[in-house]
Amino acid sequence: MRNKSLSFLVLILACSFLSGCGEKRSTKGDAIVVGIGTNPTQLDPRLSQDAISSKVQRFIFSRLISQDHEGGIVLELAEKWERPTPLVHRFELRRGVRFHNGETLTSSDVKYTFESIIDPSLASPKAAGLKELARIETPTPHSVVFHLKEPSASFAESLMVGILPESARKAGSRFAQKPVGTGPFEFVEFTPDQRIALKAFAGHFAGKPAYENLIFRILPEETIRVLELESGGVDFLQNSFSPDILPRFVKNKRLKIRKRLGTNFSYIGFNLTDPILSKLKVRRAIAHAIDRRPIVRFIHKGLVQEADSLLPPDHWAHQKGLPRYSHRPALAMKLLDEAGFPDPDGPGPRPRFTLVYKTSQNELGRRIATVFGHQLARVGIEMKIRSYEWGTFFGDIRNGNFQLYSLTWVGISDPDIYRYIFHSRFTPPAGLNRGRYKNAHVDALLEEAHQAADTGVRARAYGEAQRILGRELPYINLWHSVNVAVFDRRISGYRVYPDADFISLARATLSPAAGR
Amino acid sequence: MRKFLLRRILLLIPVLWGVTTLVFIVTQVLPGDPVDLMLGETARPAQREQLRKTLGLDRPLGVQYADYMGGLLRGDLGTSLHQKRAVSDIIFERTYASAELTLASMAVALLISLPLGIAAARRQGTALDLGAGLLAVAGASMPVFWLGPLLIIVFSIGLGWFPVSGREGVLSLILPAVTLGAALSPILMRMARSSLLEVLPQDYISTARAKGITERRVLWLHALKNACLPLITILSLQLGALLSGAIITETVFAWPGVGRLVIQAIASRDYPLVQGCVLFIAAVYVTANFLADIAYAWLDPRVRLT
């Protein structure tokens, strides 16, 4: 008996000892704790392409230019930006900007950052966006000139990358383990699956943030994120909860809620090489068979806005008066009859044809797919839902191994995205034209818009392209998401960005904890 | 004993080789391409080829396999495609967290199951036995993804005794350990009860009682020692399972263990990390079984390790 008890005691003490060596809870008094669902894949801004990495990096790295809360381009490390010709971008850098390691920002750092991105040995996913870049000159320590091979209206967006110190070259791949930038917060530590700790950078060119610590806690389970927010374990969540939860937050007096229409766009994609879906009447029938309203109301709880284009309605290039496919099941059935797919047994159980709809394992996506399947069944189309783990799903979509699928484009800002998605030259593996859409007129319009410097010319070309795409329906436009931030009342000054960036937290203020 | 140890260690080699080879083949036929996941869809074909070359994925499979096995022989599990760090370092970091959770949850499971199992065996057919049985059924019926949040709501949100999630100090270990321990307890309890019921009527127990040994000593020293053998089997299997990752519990409590690492590695098609993790899991299972064999011999002298 004594021996057993002793063994248990030793076991418990061992556990306590081991656990005692783990992380200690951070001081909450002067910190904002943000709950996120996944680890950032990369803290080197040249190498990441996921949204979470980009959001965390924004606090560590500043960019030459960036977007403000209205989606407009603003100067960040640059204090002047000129385009003397369509092939030249000239930047004057702010003076006296310092990196977290004490080095001063010069044009060499900017040159190094962008040249390393296009260096094939780095294998940066951002290299494709800089393919028009011919060379970079640094005439003075504070001026940097980008020379392009051909005009590119979207090149500015490719410049929105965090600037590294040239000394990062020596660190090599180890740089991402201790990243150094000029952003408002310095990197402290990253413990995968636990947290990323940042501390306010006193030498930031726009002044030190108003609070000392910014912590990102990685909480994969939605229920736990919600409970952590309610219990004060985290102070801030944005979009990382399902719409059903929002009423619960509304009742909580300790929390503030801020919303704004975002730039994430959800759609149903067609495989246009499929013998059934290559018929326009079938695509139009599906568009009329789908009723987005009940999904918006009952599943998304109003936190999305129906879309008629990739671009949100307040975007400068959004075309007014685009075709909207209202819910008209009778018309859908008529179009299917005309397309050569009559209903074999009227109201009987046999379908006109069967389609496979692929989606990821996201629970919300699967619920929505179930509703689509039910709506299509009413017009005589059987829809089989296939839900896959992300890598398999993504591989199938890229390889054209699908009939229907649904996905979301995240953070659309420059309309040049149309070229990558609908230009016939950008069929995978060369681009994002997953549905294999081909239209020479649309190709020409998108090329024209890509090369034009004048916003009016671009808007006209994109407008015409949107009208054609609205008629030809390579996509069914579903909705734009509304970004929702829920945070502790102690936080003031936070603005929700269209692309759901967290960066306005850098300028937020934190009132003293009350009763914490 | 030495012969036994040597034989088991030698047996380890073909087992681990088989597992390694199987995992290498499976990762190659998995749908999804790590290059796609790393570069995204806008990358140019030349860039893809370059990355494929950098990662060594352009070489013939036989060469990749030989290279991987050569690395293993040198103790090198390779480098993570995404994290660009040694796979062994990444797994080692997670092992620590998994070991904490495993030891704590086993302690909880034993603390619940042994006293209840013994009491149920000693009072077979009484209300206590029935109650213990019902408790076991209830415990086995509660999935961890339900029990975990329930414990959080009661003890973290309601009473404020423990942190909701994360691995930050001793208190954060309690709820995940109780969740996992509660899931493990029913089978241990039922096993302890049935083993004791088999052992208690045996002659050597009657003899011990006749010698005047106290009932408590008869039970805990004489009876339980022999009744422990099936428990050791279950514990060794569970030790392997828990050390290699209690994925749901780790996810619910945001616990940075090996289970979540494996899932992330598979999702991102990080082949070296997947291979390293599976090799680690296989090694854990083999070691746990090996320890169980030794424990058998220690508990029951009739078992000979040859």
Side-chain angles (χ1 to χ4, degrees), chain A residues 1 4 8 11-12 14-16 18-26 39 41-42 47 49 120-121 123-125 127-129 131 173-174 176-177 191-195 217-221 223-224 227-228 230-231 233 388-396 398 420 426 428-432 434, chain B residues 30-33 36-48 50-51 54 82-85 90 93 96-97 99-100 103-104 106-107 110-111 149 152-153 156-157 160 163-170 172-173 177 216-217 220-221 251-256 260-261 264 266-269:
Chain A
M1 173 70 180
K4 274 289 179 212
F8 280 136
L11 202 59
I12 291 164
C15 291
S16 305
L18 285 169
S19 194
C21 298
E23 302 289 324
K24 292 289 172 214
R25 193 158 275 267
S26 61
N39 288 307
T41 58
Q42 260 293 342
L47 293 173
Q49 56 167 350
S121 67
S124 165
K131 62 179 179 294
S173 62
R174 282 176 291 113
Q177 289 166 34
T191 316
D193 279 341
Q194 292 191 69
R195 60 185 213 149
R217 284 191 63 197
I218 297 137
L219 304 166
E221 180 63 29
T223 312
I224 302 306
L227 292 175
E228 285 281 18
E230 291 181 341
S231 67
Y388 297 95
E389 165 277 327
W390 174 252
T392 307
F393 172 59
F394 187 61
D396 276 358
R398 271 187 58 73
Y420 285 103
F426 288 101
L432 309 172
R434 300 153 174 169
Chain B
L30 268 181
D33 184 347
D36 278 350
L37 294 174
M38 289 170 80
L39 285 182
E41 293 175 277
T42 54
R44 285 165 286 175
Q47 201 187 354
R48 283 174 202 288
Q50 176 65 42
L51 180 57
T54 307
H82 289 269
Q83 298 189 39
K84 313 271 195 248
R85 296 169 57 211
I90 297 169
E93 286 166 5
Y96 204 64
E100 280 178 21
L103 288 177
M106 284 195 153
L110 287 171
L111 281 172
I152 291 170
I153 288 167
S156 302
I157 307 293
V164 173
S165 66
R167 179 174 169 252
E168 298 180 335
V170 181
S172 65
L173 180 62
R216 179 182 288 184
R217 198 169 166 79
W220 285 93
L221 201 68
T251 305
V252 167
F253 288 97
W255 193 265
R260 281 173 70 194
L261 182 67
Q264 287 158 11
I266 293 170
S268 59
R269 300 294 187 271

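Lettering of chains follows the sequences in order, A, B, ..., and the numbering in each one begins at 1.
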Within-4.5 Å side-chain heavy-atom neighbours: A/Leu219 and B/Ser165: yes

Distance, nearest 0.5 Å, that separates CZ of A/Arg195 from CZ of B/Arg167: 12.0 Å

Is there a side-chain contact between A/Asp193 and B/Gln264 in this structure, where contact means two heavy atoms from C-beta onward sitting under 4.5 Å apart? yes

What are the two closest heavy atoms between A/Leu227 and B/Ile152, and how far apart are they? CD1-CG2, 3.7 Å

Counting only heavy atoms closer than 4.5 Å, note whether A/Gln177 contacts chain B via side chain, backbone, both or neither. side chain

Note: B/Ala254 and A/Ile218 closest approach over all heavy atoms is CB-O, 3.7 Å

Looking only at heavy atoms, what is the nearest atom pair of A/Glu389 and B/Ile266, with distance? OE2-O, 4.3 Å

Identify, with sequence neighbours excluded, every residue that meets side-chain hydrogen bond (donor to acceptor under 3.5 Å, both in side chains) alongside A/Thr41. A/Asp50, A/Ser53

Separation between OG (B/Ser156) and CD (A/Glu230), nearest 0.5 Å, reads 12.5 Å

Report yes or no: does A/Gln194 contribute a side-chain atom to a donor-acceptor pair with the main-chain N or O of B/Pro256 at less than 3.5 Å? no

Ignoring hydrogens, what is the shortest heavy-atom contact between A/Glu221 and B/Thr251? Give both atom names and the distance. CB-O, 3.7 Å

So what's closer than 4.5 Å to chain B heavy atoms on A/Asn39: side chain, backbone, both or neither? side chain

